[in-house]
Amino acid sequence: MRYLPLSDENRQSMLGTIGAKSVDDFFTDIPIFARLNAPIAELPGHKTELEVSRHLSAMAAKNVAAGTVPFFCGAGAYRHHVPASVDHIIQRSEFLTTYTPYQPEIAQGTLQTLFEFQTQVARLLDCEVANASMYDGSTACAEAVVMAARVTKRNKIIISGGVHPHYAAAAQVLAQNIGLEIVMLDAAIDDEKAVIAHLASDIACVVISCPNVFGTISDLSDISRAAQAQGALVVGVFTEVTAFGLIQPLGAMGCDIVVGEGQSIGNALNFGGPYVGLFATREKYMRQMPGRLAGETVDLDGNRGFVLTLSTREQHIRREKATSNICTNSGLCALAFTVHLSLLGQKGLGQVAAKCHEMAVEVAQALESIDGVTVLTEAFFNEIAVSLPKPAAQAVDELAAKGVLGGVPYSRLDPNCSAQMQNVLLVAATETNTKADIEALATALKEVL
Amino acid sequence: MENTTSGAKGLLQKTELLFEYGRLDVSGVDVAPIANPQVRLGNMKRQQNPQLPGLTEPEAVRHYVRLSQRNYAIDLGMFPLGSCTMKHNPRLNEAMARLAGFADIHPLQPQSTVQGALELMHELSFWLTTLTGMQAVALSPKAGAHGEQCGMLAIRAALDANGQQHRRRVLVPKSAHGTNPATAAQCGFSVDEIGQTANGRVDFADFYAKLGDDVAAVMITNPNTCGLFEPQIKEIADAIHAAGGYFYCDGANFNAIVGKVKIAELGVDAMHINLHKTFSTPHGGGGPGSGPTVLSAALAPFAPVPLVVKTANGFELVENASGEAEQAFGRMVAFHGQMGMYVRALAYMLSHGSDGLKQVAEDAVLNANYILASLKDVMSPAFEGYCMHEALFDDSFLEGTGVTTLDFAKAMIDEGFHPMTMYFPLVVHGAMLIEPTETESKNTLDGFIASMRALAVAAKSNDISKFDHAPHLAPSKRLDEVMAARKPVLKYV
Amino acid sequence: MSVKFTKDHEWVAVEGDIATIGISAFAAEQLGDVVYVELPAVGKNFNQGDAMAVVESVKAASDVYAPVSGEIVEVNDALVDAPQIVNECGIGPEGWFVKMKLSDQSQLDALMDLAAYKIFVES
């Protein structure tokens, strides 16, 4: 077996050194009835690399890869071009096959890149501090809600109807068991401001989104001020981080905790994961943050170096009083983010973002010229909600049959949504789209309506 | 020679921060020019540049390659970090995960266009449930701790469904990994510690005494954090069940028993499996991981969405808590979990097969016992007898030498090894937890043993030159963690 | 002014009905280099045994418990900016954490004096 270096001769000689007769001597604590004495018959035996490759390639071939068709799906995961050099860097042994940097003397590569990541995230989101990543945007959102309750010592949470329903669900699952009450507002294309009506002095936080799940971008500064006047924190959520190359970041709009998905920079679609959660906040809440933090220091020679710091917040020290149970985060995806963003710089990011917006405007123009189709999102970055004259789920299936992946029906995220929302299709565009893609979408959509 | 003009030391190049030499007007990515100048941004255009410098491709590649050379890695040498299972990461797995049919598919494409992906998830589920004998598996948890949360939330949902809302106390051994009590608390339970016996096992009497009608569950790692199998595991399971609670088994150490033990026979109700440990998906410097959680028949109905089911028309992804998933406790994440890790783990399982996975556990345990036997005369094993997949020593062999566990670990760096896990589990003084895994050759183990013996002998003969201010040969000297924590600098300014 | 100690390694020095509270030199040494101290708000009331402050080193975090019941009347803000003071002068004019207005003088009787605390630590 190609991954097992011990030969039978080695095994015998090692057993001799140990003074054991057989390897089974080591397993005697296991109750006899639970032991497996032979390989499990229901599972196949070992395969060659070629056989495994054949088996899995056959499965992969049954899927329609986004790059092979006109493709407009978003709703929290976006297809961008990632330079080849990014994957080269993250596949380097020293990054791919190392552990969480517990031994800083031999982990400065990981630690410095995390420090660069934290700096990039803080600058991009316009926040004071950022952590070294969460699992993904949805779990970052859930942790932000719990953190807000911890900071404010209040237990009521208002989630706007523009927050991605999966994010709201992840927050709900985490919050409901620790006595937090979540108020979910009705889905609305552009109504982040609706949270204002629910503000009161017992609110821990409001969760609002920009861009929101319908693509709407709006200035949330008023909401932030109103919430903070009531002593509540504002959790700002996003799912498309590329947006901040072009639009106002959530930190600049006064959000206290900014969380979201970083997949768009450096990471492939991967059918939903692994992705990289971004988490940033004000310095005064630094010790209430979940997750790992890299910090600057010096070594014995006085040279600059980096270490994991403020670990007393974390589970391995604080145990049941920790700010979170998170241990492993999304290190390699964070590295991909950092390498890609280092290549882009603000200049490249701005250009990519502008290109995404251009393509989205083209999509909006193409779709609003179709009879019965209305573009619902007024101001947007790269995603729009459009109303169709029929259920969007049906239209999407029919588009797929024509070889076009035309977007995500809102009802897929929120099956109990209103009849009106059942007809809403979310359509995203990025720099990877072409004019020909957009024409194909418009043509196919006309045919299926 | 101490210093060079460039700041480099031969192959070890100077590594400035990106922000110190990147330029705001430079990009390493060429973007096609804008053809349609229309914008629909409302009043939302970004007002201030984010101050993100860029690097051209040659500069960026060099920047990160230089940084990479300051990292230790499994591909470079032995990484015997106990409880972390740092085994070889096969490159086939990387290649498979990058097939466009897996990497370039969107989580919300119509299900008809991702049948191969759903088939893969279904096949992975079959492997995980068959290897453990458990009823069901929730794939979506994104790491081990997230899997713990999945299991504990399923337990909570089951208790609530059965009118047992008063059960809110969870028993956790003192030796447990910190994620266990943290998870229990995050799921709204109170934590009650149970003690440990002198031979490194759960104190059954203490456990039994702490049972009561307010107990929701017991969380036990098996093999435990001392690298030992809990021989009374079934009695513990039976007792918690008799008391009306559930048994959460932390599967972090599954590598020791994969293919050797049928988990379901031990009375387990929920157990997460770290795909990034047992099934070799790379640790990546701290993730991403993946923590699918297997569930007993009692908990299976409460598994979170999404679930993959096989129907007459192919594979179906159940995304909402209705129909088959009517009792689901909710959704833990956006989308469907760590697909990239599922592909890698299944590639690994298929490569080893049923026979190979059994051999994995046997070799992992053999390697650990070889280390234990080869070092027990110069170091001090924490407990008597054989171990499972990791060998645990305490620091009593260093008593009076002035050398601490930390010093010993740092000296190992100069010997070319990543240190073992130190000061964990907390129940052993100055703990040194060594997990070689099955992917180390006898030749490597012999070299490791020789180095460890030499260090132990040096410490005992008061030759502290190898320990004082160690490491001496690493890219950095010891770093000032106190300064970092007192005045936190978390970004470049 | 008498100094008393608790089993959780706090010290209490009482003058009139005001108790000055800190952690013992032994506790500070066990923790190692203190990097962070979190103090309660002035005006807050604690019962004997309540966690009222937090003291952290790089690798450990400990709660500081109220050795007696009462109301916080003053906190030592200097510790927040320079937590190393805790290591440098555990019992002393600078190393105190909080001053508390006692609500029950009799609680002091059950605490240890220095001699008893020394024996407690050595055991």
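Predicted model only: the values in this text are computed from it and were never measured. Below, chain A is the first sequence line, B the second, and so on; all start at residue 1.
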statement: Of the listed A:E261, A:Q112, A:K347, the one with the largest count of heavy-atom pairs under 4.5 Å with chain B is A:Q112
- prompt: Should the pair A:Y3 and B:H352 be assigned to parallel (<30°), tilted (30 to 60°) or perpendicular (>60°) ring geometry?
  reply: perpendicular
- prompt: How far apart are the C-alpha atoms of A:N63 and B:Q109, what are their side-chain angles, what is the distance that settles it, and do they pass the side chain to side chain contact (heavy atoms under 4.5 Å, CB included) test?
  reply: CA-CA 10 Å; A:N63 303 320; B:Q109 284 180 214; over 6 Å; no
Atom group of A:M1 that falls short of 4.5 Å from chain B, counting heavy atoms: side chain
- prompt: Side chains of B:N36 and A:E362: donor-acceptor distance under 3.5 Å anywhere?
  reply: yes
task: Kindly determine whether A:L343 and B:E57 satisfy side chain to side chain contact (heavy atoms under 4.5 Å, CB included), including the steps that lead there.
output: CA-CA 6 Å; A:L343 281 161; B:E57 180 169 315; 4.2 Å; yes
field: B:D480 side chain to A:T297 side chain, donor-acceptor N/O pair below 3.5 angstrom
entry: no
message: Under a 4.5 Å cutoff for heavy-atom pairs, which residue among B:L120, B:T130, B:L108, B:L55 has the most contacts with chain A?
response: B:L108
field: Structural part of B:R98 lying under 4.5 Å from a heavy atom of chain A
entry: side chain
query: For A:A20, is it the side chain, the backbone, both or neither that has a heavy atom under 4.5 Å from a heavy atom of chain B?
result: both
message: Counting only heavy atoms from other residues, nucleotides and ligands, does the tally under 6.0 Å from NZ of B:K358 exceed 12?
response: yes
message: Do the side chains of B:D75 and A:R92 get close enough for a salt bridge, i.e. N-O under 4.0 angstrom?
response: no
message: Distance check, rounded to the nearest 0.5 Å: B:R40 atom CZ versus A:E358 atom CD?
response: 13.0 Å
